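Here the structure is a predicted model, which means the values were calculated and not measured. Only this structure's heavy atoms are used, side chains among them; waters, hydrogens and symmetry mates stay out.
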Amino acid sequence: MTDCLVTLCGVSVILFLLYYYLTSNFNYWKNRGVSGPRPVPIFGNLRQMIMKNLFLGEILKQMYNEYKHEPAFGIFVRRAPILIVNDLDLIKDILIKDFSLFADRGIQLYPKVEPLCEHLFNLEEERWRLLRTRLSPVFTSGKIKEMFPLVAECGQHLEKYLEKLVSKGDPVECREIAAKYTTDVIGSCAFGIDTNSFSDEDSEFRSMGRQVFLPTTKSFIKDLCKSFFPSLYKIVGRPLQKLHVTNFFTNVVVDTMNYREQNSIIRPDFINMLMKLKKDPRNLKSIELTDELLTAQAFVFFVAGFETSSSTISHSLYELALNTDIQDKLRKEIRENFAQHGETLTYERVKQMKYLDSVFRETLRKYPLLPILMRKVCTNYTFKGTNITIPKNTNIWIPVYGIHRDPDIYPNPEVFDPERFVEDAVSARHPMSYLPFGDGPRNCIGARFGDYQTKVGLITILRKHRVDVCEKTRIPYVPDSQSFVLTLKGGVVLKITKVE
């Protein structure tokens, strides 16, 4: 009996200490005068996201709606305190005015476990700043104009593929079609490789693109281990990676650079910029330009380039199928442009299509791919006009998804309305009310490229085809809780028919 009592007391003490450890800092925000929802042990405020039951953007939108009249509110990711900043003026301070204090995204990196994690999106301030300066020239208007014929050529491949697909008369998964197109674009413009996504169902590039985002039991275990046992993850995390994907991209980048070097091949693309970096690493100080670091930059361009644009194309088609009057108006603009200027699509002609731009921007307003922007402060900081002071290394999230769907900013936010982006309407809103690509010095480096890639895809599809909902179309929209980026659960399945 005594032994049982001792054991029970021991277990009770251990459970108490564990509970104390898990909850000891839950007064962190209250002590600083910051409001916020009550956290729970182990999960903090994001249990549904961690367990893959609900999309992160929806969770934060609910919190944003509850606390949006506060300049900021505090949450916990497990035990870690995170400040969610709502006030648009404070967001402008973070992203632009005081950017030098918030340049870091605060993302924990595990380079020995995840060989391709040290890319431009993730890197800490010092290496990010140096690499961004050297890589930015490949995304200027002039460079995109040089690459535009390659994008247009991929559009022609898309058009031929649609002809065959539409003739079958079956509903189609539009996100997959868009992903084939954007994979071909990125393959051509970044790697100088014809990925054959349309002609080859077993295209390795397309297969690898699918596998990067494919949720598996292994990836679920990886995420849990990374979240709850980061020290253990550093030791056992490597077998949990999709190493065949890592090896594929590393081999492609290294082999392509070697081949071009040996054959004196120069192309206006991303690989060429990486080759210049390797040859001339001036102003990069102590950065070691390993094959892994160079591959990581190409990898994130590939993954972000095909995924974000394919999702935006499919989201646009989804809304246009639901709003056929908007679709008809957009098709009219596209056809009038071709009737006036001929068959050869150019960079300048895409820029002329103002209604297309409004549709594109409204799509990203309603469906921002990333639900949050992340930053970490590098010093103690007091937000202007508030009593909120945060210590050095505090992580900050900007709730893009909540802001984009705030009825006080965008009346009837669930309605798809491109007129929100006519010039007068845009100028009347706070500049921080629209953040699909972020803002300030650390905005998306490839935003302009993604803009044109997406628009060429939409022009190609809508000029000669009509999209409609069908019995397999998921209505209403339900975000996929397994995905960090915003995607429709089950895919965007629509009926596509040819129109004269």
Side-chain angles (χ1 to χ4, degrees), residues 18 21-22 41-56 59 75-82 104-128 131 204 207-254 287-304 306-307 369-372 374-376 393 395 397 480-485 487:
L18 178 62
Y21 169 75
L22 293 172
I42 300 176
F43 299 102
N45 296 105
L46 298 182
R47 179 182 63 81
Q48 290 177 299
M49 186 273 287
I50 292 171
M51 300 308 295
K52 306 294 185 183
N53 294 326
L54 195 62
F55 176 60
L56 175 62
I59 298 170
I75 68 167
F76 293 85
V77 179
R78 300 174 302 281
R79 296 181 69 251
I82 307 286
D104 201 324
R105 292 194 194 276
I107 297 173
Q108 179 66 48
L109 301 181
Y110 302 90
K112 292 184 179 179
V113 173
E114 302 172 353
L116 301 186
C117 71
E118 295 183 296
H119 51 68
L120 208 57
F121 184 87
N122 286 345
L123 284 174
E124 80 290 343
E125 179 190 1
E126 183 180 0
R127 286 190 294 172
W128 163 79
L131 281 173
E204 231 180 336
S207 174
M208 292 300 162
R210 288 192 196 99
Q211 291 180 52
V212 168
F213 292 97
L214 184 68
T216 63
T217 302
K218 194 175 182 180
S219 60
F220 180 69
I221 294 171
K222 182 195 81 169
D223 291 343
L224 286 181
C225 184
K226 196 172 179 178
S227 295
F228 291 104
F229 308 105
S231 297
L232 179 64
Y233 181 71
K234 292 178 182 178
I235 301 170
V236 304
R238 193 169 178 84
L240 297 174
Q241 310 304 314
K242 298 172 181 177
L243 293 176
H244 61 295
V245 176
T246 298
N247 294 336
F248 170 79
F249 281 101
T250 302
N251 291 337
V252 166
V253 170
V254 172
I287 295 181
E288 185 183 357
L289 293 177
T290 62
D291 288 342
E292 288 78 13
L293 185 67
L294 292 171
T295 300
Q297 311 319 311
F299 174 72
V300 75
F301 182 29
F302 171 78
V303 171
F306 97 79
E307 174 65 19
L369 276 305
L370 294 179
I372 58 172
M374 297 179 289
R375 295 291 187 270
K376 182 173 78 172
N393 294 327
N395 285 303
W397 288 0
D480 187 348
S481 61
Q482 301 291 316
S483 176
F484 181 74
V485 297
T487 56

Visitor: State the CG-CG distance between L109 and N122, to the nearest 0.5 angstrom.
Guide: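 The distance works out to 5.5 Å.
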Visitor: How long is the gap from CZ on F306 to CZ on R210, to the nearest 0.5 Å?
Guide: 9.0 Å
Visitor: N45 and I59: which non-hydrogen atoms are nearest, and at how many Å?
Guide: O-CG2, 4.3 Å
Visitor: Can you name the side-chain contact (heavy atoms from CB on, under 4.5 Å) partners of N395, sequence neighbours left out?
Guide: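 Applying side-chain contact (heavy atoms from CB on, under 4.5 Å) to N395 gives I82, K376.
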Visitor: Nearest 0.5 angstrom please: Q48 CD to F43 CZ, how far?
Guide: 11.0 Å
Visitor: How long is the straight-line distance from CD of E114 back to NE2 of H119, given to the nearest 0.5 Å?
Guide: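 Reported value, rounded in 0.5 Å steps: 8.5 Å.
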Visitor: On a heavy-atom basis, which atom in V212 and which in K242 lie closest, and how many Å separate them?
Guide: O-NZ, 3.6 Å
Visitor: Any chance you could lay out the side chain to side chain contact (heavy atoms under 4.5 Å, CB included) test for Q241 and K222, step after step, and finish with the verdict?
Guide: CA-CA 8 Å; Q241 310 304 314; K222 182 195 81 169; 3.7 Å; yes
Visitor: Within a reach of under 6.0 Å around CZ of R105, are more than 12 heavy atoms found that belong to other residues, nucleotides or ligands?
Guide: yes
Visitor: Starting from the C-alpha separation in whole Å, work towards a yes-or-no answer on side-chain hydrogen bond (donor to acceptor under 3.5 Å, both in side chains) for N247 and H244.
Guide: CA-CA 5 Å; N247 294 336; H244 61 295; over 6 Å; no
Visitor: Is E288 atom CD crowded by more than 12 heavy atoms from other residues, nucleotides or ligands, each under 6.0 Å away?
Guide: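 No, not enclosed.
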Visitor: Evaluate the ring planes of F249 and F302, with Trp represented by its six-membered ring, and classify them as parallel (under 30°), tilted (30 to 60°) or perpendicular (over 60°).
Guide: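 The arrangement is tilted - the two ring planes meet at 30° to 60°.
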Visitor: Which atoms form the tightest heavy-atom contact between P230 and Y110, and what is the distance?
Guide: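 That would be CB-OH, 3.4 Å.
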Visitor: How long is the gap from OG1 on T246 to CZ on R238, to the nearest 0.5 Å?
Guide: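 Between T246 OG1 and R238 CZ, I get 7.5 Å after rounding to 0.5 Å.
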Visitor: Evaluate the criterion side chain to side chain contact (heavy atoms under 4.5 Å, CB included) for residue pair L289 and L294; output intermediate values, then yes/no.
Guide: CA-CA 6 Å; L289 293 177; L294 292 171; 4.3 Å; yes
Visitor: Which heavy-atom pair separates N53 from S481 by the least distance, and what is that distance?
Guide: C-CB, 3.6 Å
Visitor: If every non-hydrogen atom of I372 is compared with every non-hydrogen atom of M374, which pair is closest and at what distance?
Guide: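 That would be CD1-CG, 3.7 Å.
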Visitor: Under 6.0 Å from the CD atom of Q211, do we count more than 12 heavy atoms belonging to anything else shown?
Guide: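 Yes, enclosed.
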Visitor: If you draw a 6.0 Å radius around CZ in F229, do more than 12 non-hydrogen atoms from other residues or ligands fall strictly inside?
Guide: no
Visitor: Between the main-chain N or O of P239 and the side-chain N or O of K218, is there a donor-acceptor pair closer than 3.5 Å?
Guide: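 Yes: the side chain of K218 pairs with the backbone of P239.
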Visitor: Restricting to non-hydrogen atoms, name the atom on L116 and the atom on E292 that form the minimum distance, rounded to 0.1 Å.
Guide: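 Minimum heavy-atom separation between L116 and E292: CD2-O, 3.8 Å.
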Visitor: Is the backbone of L120 close enough, under 3.5 Å, to the side chain of Q297 for a donor and an acceptor to pair up by distance?
Guide: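 Here the side-chain-to-backbone pair exists.
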Visitor: Return the set of residues passing side-chain contact (heavy atoms from CB on, under 4.5 Å) with T487 (not counting sequence neighbours), or none when no residue passes.
Guide: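 Here the qualifying residues are R175, E307, S311, D480, S483, V485.
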